[in-house]
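Chain naming here is simple, since letters A, B, ... match the order of the sequence lines and numbering starts at 1 in each.
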Amino acid sequence: MSAKALIDHVKEATGAVEREEVTPQGQVALHVTPANWHVVAEHLRRCPRCNFSMFNWLSAVDMEDDGFEVIAHLYSASSLQAVNLKTMVPREGGSVPTLTGLWRGASFHERECWEMFGIDFAGHPHLVKLLLAEPFVGNPLRKEFVLMTREAKEWPGAKEPE
Amino acid sequence: MTHLSMIPAIAESHNVFLGFDFSNPWVLLGLKLAAVMVFFLTAPLGVGYAEHKILAHMQARLGPMEAGRFHGWAQLIADGVKFIQKEDIVPSAADKAVFVIAPAMVLVPAIMLFVVLPLGPNGFWVENMDLGLFFALAISSISVIGMLAAGWASANKFSLIGAIRGAAQLIAYELPLVLAGAAVAMQAGTLSLPGIVEAQQNYWFVFPQIFGFGLFVTASLAELSRPPFDMPIADSEIIFGHMTEYTGIKFAFFLLAEYAGIVALSILAVVLYLGGWQGLPFINFIPGPLWTLAKVGALAFFIIWLRATYPRLREDQLQKMAWKYMIPIALVNILLTGIFKVVF
Amino acid sequence: MGVVDKVNLPQPVKFVFNWGRKYSLWVMNFGLACCAIELIAASTSRHDFMRLGVIPVAHGPRQADLLVVAGTLTDKMAPALKRVWDQMPEPKYCISFGSCSNCGGPFWDSYSVTKGVDQIVPVDVYVPGCPPRPEALLEGIIRLQTQIADESLKERFERQRREAIVVGGPVGPVDLSNR
Amino acid sequence: MAGREGAGVAVSDPTMLPGGPGEGIALDVAGSSRFATEEMILNIGPQHPSTHGVLRMVITLDGELIIDAEPVIGYMHRGFEKMAEVRDYRQIIALVNRHDWLSAFGNELGVVLGVEALMEIEVPERAQWIRTLLAEWNRVLNHLMFMGSFGLELGAMTPMFYAFREREEIQGLLEAATGGRMHFTYNRIGGLKEDLPRGFLKESSRLAKVVRHRLGDYEGLLLGNEIFKKRTVGIGKLPAAVALEYGCTGPILQAAGVAEDSRKTEPYLKYSEVDFEVPVGENGDSFDRFWVLYRRIEESLKIVEQCHDKIPAGPIMPGKMPKNIKPPEGWIYSRTENSLGETGYYIVSRGGKEPWRMKMRTPSFSNVSMIPYLLRGVLVPDLISVLGSVFFVVGDVDR
């Protein structure tokens, strides 16, 4: 299934795709609303034509004022097709339904995303810190989280090539 | 039936020690004790050093090279000197009395084992008991109590698991060990260890008792917790088993007992199966004790070689092997020995 | 322990004791990150630090004399390092192996890395590099052995602040108090 | 493991459903009133000989039977993704060397391939072939390490020493080209740091023969060893569907029977021009995982040997390169088949000299998240056999 065919199929089947994106390198992204996140994901997982059986990774990107873009990267081992499922959540109080019911592997990725960005994954059974130490405060991958060492002292090796 | 009094070299040997005749019993006793201690403190170190070097050379390395200058011969002495300086830690949760006494419970049987082991003819042994074999096998299994005590008293889960594994393993392998020994005793017609050696004048028992020999060596490895049966101290699973919490000299005692065990059980195997101090026919000018030591060395080399070669079994596979295969084979072996004795 | 660190031992006894400690450094591999691989490389075929009497069979801290902290120490891991160090019996030594454990190395600006294990445990020898070559560890061990050979345990325990050696740095003790 | 109660939770913890290989065993034993035993919580790690690194496992035991296991990770979390946001692309090459420290070359490859694709830089032929060659050598290095350490965990100490005997030679070879024993930093955006030294290819082909010859040692010591087979065959079976759900890739997925390898399915560099196979296991057990690892070394050596003949002469950097590396605005997910599986970098550029965001998708992270599934219902000694065969590097897990 080509990228185009996939996008058309998902659009048609779910009717929940806001917009699609194909990069010059041919990578596919489907943008959905947080409310439709689980619906589209479930279709991608269960539909025999899509058959995205592999949960590759899930993360987010800090888009500053737009909020956070949550990305789930799925892969189909049968059609060798990859798709990025994307949704935008607000900076504060953002919540996305969990995908742990669809792919077992989503659990760790969502925990990581939760602690790194502070995005809630509604329905996740075990949303606790994964990588950070227990006393750690803050969400490191948010842009407002500054690296104190760098604030205190600029890296002495910073030099532009001439 | 061979009786002890029928073997002249043994019957007359009561006051003979290391080839000399002693009339003063106290001098004799003192000498014997000193000899045991000297042998106990040197032979295991030799095996330990050999293990370092043999393993190293099998693994494309050199092993200790610096301590004592010449090929690191003093490595284990340095270890000993270091161990006596180390801080002696008793974990606060430990059962202190048991924790302290456990190394001794492992060490003392290991020393006592050497009392009956004969190294050569004409009194190269400390005590010639009529029940020598029985005594040796009985004493060698006492150490399991020390092991359990150490594991339990350490108040450490890894220690406890290690100790329980060790106990299960020792109990399982005590049986084939004893049964294999029993077949030899039947063949020799005596339980006295020098007597068994004398009975091998014509042929070594390894030939008629080839199954027994295999069983004995395998069970000895398990008794000693040596690879591939080193689950009680499996370092990648349970750190150091019952020794996990021990420091300094107490830990050194455990190690010493382990290597003494290798020496003792090797001597026992040599005495039971490989003709003890009896040499090969044409090179008989080599004195008996050297023959024993050479054979012990060969067996110890084999034990070390196994360590370099094999991964370890799993605890339940080990148990299965003992109960389902080795013990039946040992019983059949006894039966065959009986038939052999009656027919020939 | 008990006596050796409280009295000044006569020279011959001290020599023998120091010799024993020098050549019997059972090492606790506190392998954390990349440097752990070079630490293993130092213990295997080509470099084989067992030649120097560094025996890598101490699997638990209780039997170890030397702690080699190899790799990045994170704040989450730091309590475990402290605990391992406390579990080791005296006299014990510590080698900080690699830039990360010396000072944070390439992770100097990270939010979760402890910049320097000397904040947690006293370090005897620092081995720089990212990761240092196994030869650098051998050099560090030899420097440590030289230090052990003429130290007095009594003085060692009396000394509150430890002096450190930097491999490749000036020969002899370096005072870190003014850094 | 929390989430077992799951009150008011729409979806229960999927890792609890529907059981691992030992499904039902634990419940029968623990639930029986006649043989009711007390569960023991055992904490393995973070510093434990078997976890090769700083992974912590909290396992619930019934006797020696594992009822539940939870990996506690993060002890090596160094904040790579945050640090990548304050480093320019040149520095990131040096940084990513260090997250999977056993396959540094593969890591830097992922980044430079991504940035080159974003900037649409044409990499010279020679540079591509050299990258392929060194990436495969790096894979051999990595796999040798795991072959050795797996043996060590099962109690066989010699394979480790043999592995390092070979590793030292290969590291020497790579050091000749790159200047680094472990962290090569040999790639540049657009090409390579410098050309191969004289005599490199000759030495490389000699070494390929040597390593291939010495692989027999491992076959004898491990693959053909009865005890090794007893410890690994049938232990920790992983079905392909579960492996995919957890996102396992590389040897783990291939052992489970899925021939997924981006060198084949989405060829990059010169992998479409060389001939190699993707080994596939049958049962997905510990033995298969190890066997796949072994076969992957053979295949890598095959690629290495083909590279020797095919490396063309020519430049190693494109003629015209911008002074500052500033990829245009956009995003890319660059995925490579690294030693342990798929290593991907999701790079978001806003036109600056630093990436706006660089998400690292690492194979070890997914592999470790799958461990609880494998461990439920196995014995403690098998924990080692399972953990050792789920190949992971802790830095790659925690990043």
> Who among A36(C), P131(C), A78(C) has the most heavy-atom pairs with chain D under 4.5 Å?
Replying inline: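 Highest number of pairs under 4.5 Å: P131(C).
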>> Just to verify, which of T343(D), N142(D), N138(D) counts as forming a side-chain hydrogen bond (donor to acceptor under 3.5 Å, both in side chains) with N338(D)?
In response: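 Exactly one option meets the side-chain hydrogen bond (donor to acceptor under 3.5 Å, both in side chains) with N338(D), and it is T343(D).
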Toward chain C, the part of [X] with a non-hydrogen atom under 4.5 Å:
X: M182(D); value: side chain
X: E175(D); value: side chain
X: R181(D); value: side chain
X: E169(D); value: both

> With respect to chain C, which residue among R78(D), M83(D), E168(D) yields the maximal number of heavy-atom pairs within a distance under 4.5 Å?
Replying inline: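 Of the options given, most contacts go to R78(D).
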> Is D217(D) salt-bridged to R165(D), going by a charged N under 4.0 Å from an acidic O?
Replying inline: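 R165(D) and D217(D): salt-bridged.
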> Where does L73(C) contact chain D at under 4.5 Å (heavy atoms): side chain, backbone, both or neither?
Replying inline: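 When you check distances to chain D, no heavy atom of L73(C) falls under 4.5 Å.
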> Donor-acceptor pair, H47(C) side chain versus P134(C) backbone, under 3.5 Å?
Replying inline: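 Flag not set: sc H47(C) to bb P134(C) has no pair under 3.5 Å.
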>> Can you confirm if the NZ or CZ of K92(C) lies within 45° of the ring axis of W85(C) and under 6.0 Å from the centre of its six-membered ring?
In response: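 Geometry flag: set, cation within 6.0 Å and 45°.
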> Is it the case that N102(C) and S96(C) place a side-chain donor and acceptor less than 3.5 Å from each other?
Replying inline: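 Checked: N102(C)/S96(C) side chains pair up, N/O donor to acceptor below 3.5 Å.
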> Is there side-chain contact between T74(C) and T114(C), with heavy atoms separated by less than 4.5 Å?
Replying inline: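 When only atoms from C-beta onward are counted, T114(C) and T74(C) do not touch, as no gap falls below 4.5 Å.
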